[in-house]
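Reviewing the structure listed below.
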Amino acid sequence: MNKKYAVPPFKIKMVEPIHQISRKEREQRLSDAGYNQFALRSEDVFIDLLTDSGTGAMSHFQWAAMMIGDEAYAGSRSFFRLESVVKSITGYNYVMPVHQGRGAEKVVIPQFIKRPGMIFISNMHFDTTRAHVELAGAKAVDVACKECLDTTTYYPFKGNFDLERLEHTIKTVGSENVAGIILTVTNNAVGGQPVSMDNIRRTCEIAKKYHIPAIIDGARYAENSYFIKIREEGYEKKTIHEIAREMFDYADVLLMSSKKDGLVNIGGLIAIKNDTDLFRKCQTYIVPMEGFPTYGGLAGRDMDALAVGLEEALEEDYLEHRIDEVRYLGDKLREAGVPIQYPTGGHAVFVDCGKMCPQIPFDQFPAAAVANELYLEGGVRSVEIGSLLMGRDPETGLNRQSDMELLRLTIPRRTYTFQHLDFVAESLIHVYLRRNQIKGLKFSYESPVLRHFTSRFTPMP
Ligand code: P61
């Protein structure tokens, strides 16, 4: 048998029917939604590739674990099961659950800010991280490697830090003004692209040299670890556990949206290696923000599902199929000439809409316009990762121009089959064939924070 793409290492035990509404209905629904994919009702979506966050399928082991959830307010057995799994994966001493990734950001990020005017440096802040940095009064600076901007050329680790720019930025602002270095693995905004172990190690060495905390934003750390195994010399024989552990050994803190590589519908984590003072501060802060430190906004059953999901996400056959699904969709699109971020990353195929629709200016949001066309074409929902998501500069109030205008086709874990992906590819290829006629969008309402969620648009005439 041709095993060009890995066969799913699971079978389907429960199904959720999906249904495609007519083109005429889709036109109406999109107009009702103010041409914003986030405002669509999921029942009006046929294949939902908006996000891989909390949208995957749980295993029967996870569902079984939920039945033994301990709902005690304090000191729940579920917490101790989760804590023990997180400690065994990370080697860190302190673990706190939170309701999702941004809960971790909200609790931890302000603890690093000692005075006004401090900055965080990242390979690329994802938008909630950037929002929490800015809400806490600091500035977010991105130093992604330049290879990620060239979507057509193969480079194995497009998620990497540009180490020269990292060190140059620290020297320019003064190390005492750098609140933290945030390693986003995989690097979501540039295409779910992995960061190499070599780059992680060097980044953390720089952090140590200047006494700056190294914080892993590990929403997709398992996918990143798998890429290290298959693409980085010296790691092919290591287990995913060993690779992940090495990565955590270099850093000081883990913030995680567990809705991705925790394989759960809701949940997040804070883990701290050995900074007791930081742990105490977070412990104090988490109570009014998220909940008592042994539940942090989660039900006991959620913590049990997460304890099992974290282990499953490190299984190699699961990861092989996961990464292959994304590659499969990417290959189909590339064969038809659709410009995508190449090679494909861990959780999504990113279509380069700046290349696809050069007629649309950045502040008319080319990728959001293509997302709307794709919905009209097949009822497929996707998401813009570009200048709309970047928002405005808090100092000047001007639209920030993203380096790339990407449309993300995000694949939920263990959810869709190769046939679903065929349908997505065919729909997008149809849109691609009429790309010259696609028009941009303008705001009819623009919301002030994380504007892509709730703004409304009208198509340009
Ligand atoms: C996503 F449209 N990501 O990619 P939370 N770090 C990283 C993330 O990818 C991430 C969070 C922290 C989402 C969900 C999402 O504007 C949007 O559990 C690398 O979502 O709080 C989330 O984790 C935050 C989609 C978030 C968006 C914000 O689809």
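In each ligand, atom 1 is the first atom listed, and ligand 1 is the first ligand listed. For this chain, numbers begin at 1 and follow the sequence in order.
Short contacts between ligand 1 and His452, defined as distances under 4.0 Å to a heavy atom of the residue, involve ligand atoms 2 (F), 16 (O), 17 (C). Counting atoms of ligand 1 from 1 in the listed order, those under 4.0 Å from a heavy atom of Gly101 are 5 (P), 18 (O), 21 (O), 23 (O). The distance from ligand 1 to the heavy atoms of Thr51 drops below 4.0 Å at these ligand atoms: 1 (C), 29 (O).
The shortest contact between atom 10 (C) of ligand 1 and any protein heavy atom is with Lys260 NZ, 3.3 Å. When only non-hydrogen protein atoms are considered, atom 11 (C) of ligand 1 lies nearest to Thr128 OG1, 3.6 Å. If you check which protein heavy atom lies closest to atom 19 (C) of ligand 1, you get Asp217 OD2, 3.5 Å. Summary of contacts: the protein heavy atom closest to atom 25 (C) of ligand 1 is Phe126 CE2, 4.3 Å. Here the protein heavy atom with the shortest distance to atom 26 (C) of ligand 1 is Arg102 NH2, 3.4 Å. Considering only non-hydrogen protein atoms, atom 18 (O) of ligand 1 sits nearest to Ser257 OG, 2.6 Å. The single protein non-hydrogen atom nearest to atom 28 (C) of ligand 1 is Asp127 OD1, 3.2 Å, given as residue, atom name and distance. Atom 2 (F) of ligand 1 has as its closest protein heavy atom Phe38 CZ, 3.2 Å.
Using a 4.0 Å heavy-atom cutoff, Glu105 is listed among the residues neighbouring ligand 1. Taking 4.0 Å as the cut-off, Leu450 does not count as a neighbour of ligand 1 on heavy-atom distance.
The nearest pair of heavy atoms linking Gly180 to Ile215 is CA-CD1, 4.2 Å. Summarising the geometry of Arg220 relative to Asn188, their closest heavy-atom pair is NH1-ND2, 3.2 Å, with the distance given to 0.1 Å. Across Ile181 and Thr203, no two heavy atoms sit closer than the pair CG2-CG2, 3.8 Å.
Remark: ligand 1 and Gln100 share an N or O pair separated by less than 3.5 Å (distance only, no angle test). Residue Thr184 places no N or O, backbone or side chain, under 3.5 Å from any N or O of ligand 1. Where the criterion is an N or O separation shorter than 3.5 Å, residue side chain and backbone included, Thr129 fails it with respect to ligand 1. Residue-to-ligand polar distances keep Lys259 apart from ligand 1: every N/O pair is separated by 3.5 Å or more.
Ring centroids of Phe457 and Tyr35 are separated by 6.0 Å or more, keeping the two rings apart. With ring centers used as reference points, Tyr73 lies under 6.0 Å from Tyr295. Here the two rings, on His19 and Phe46, have centers that are 6.0 Å apart or farther.
No donor-acceptor distance shorter than 3.5 angstrom exists from the side chain of Asp48 to the backbone of Val380, with no hydrogens or angles considered. A side-chain donor-acceptor contact under 3.5 Å links Arg26 to the backbone of Leu376.
The only member of Phe10, Tyr5, Tyr226, Tyr416 that meets ring pair (Phe, Tyr, Trp, His ring centres under 6.0 Å) when paired with His321 is Phe10.
Contacts with ligand 1 closer than 4.0 Å are made by side-chain heavy atoms of Arg408 only, the backbone lying farther away.
In this structure, Arg245 fails the cation-pi test against Phe248, since its NZ or CZ atom is not both closer than 6.0 Å to the six-membered ring centre and inside 45 degrees of the ring normal.
No more than 12 heavy atoms of other residues, nucleotides or ligands shown are found within 6.0 angstrom of NZ on Lys146.
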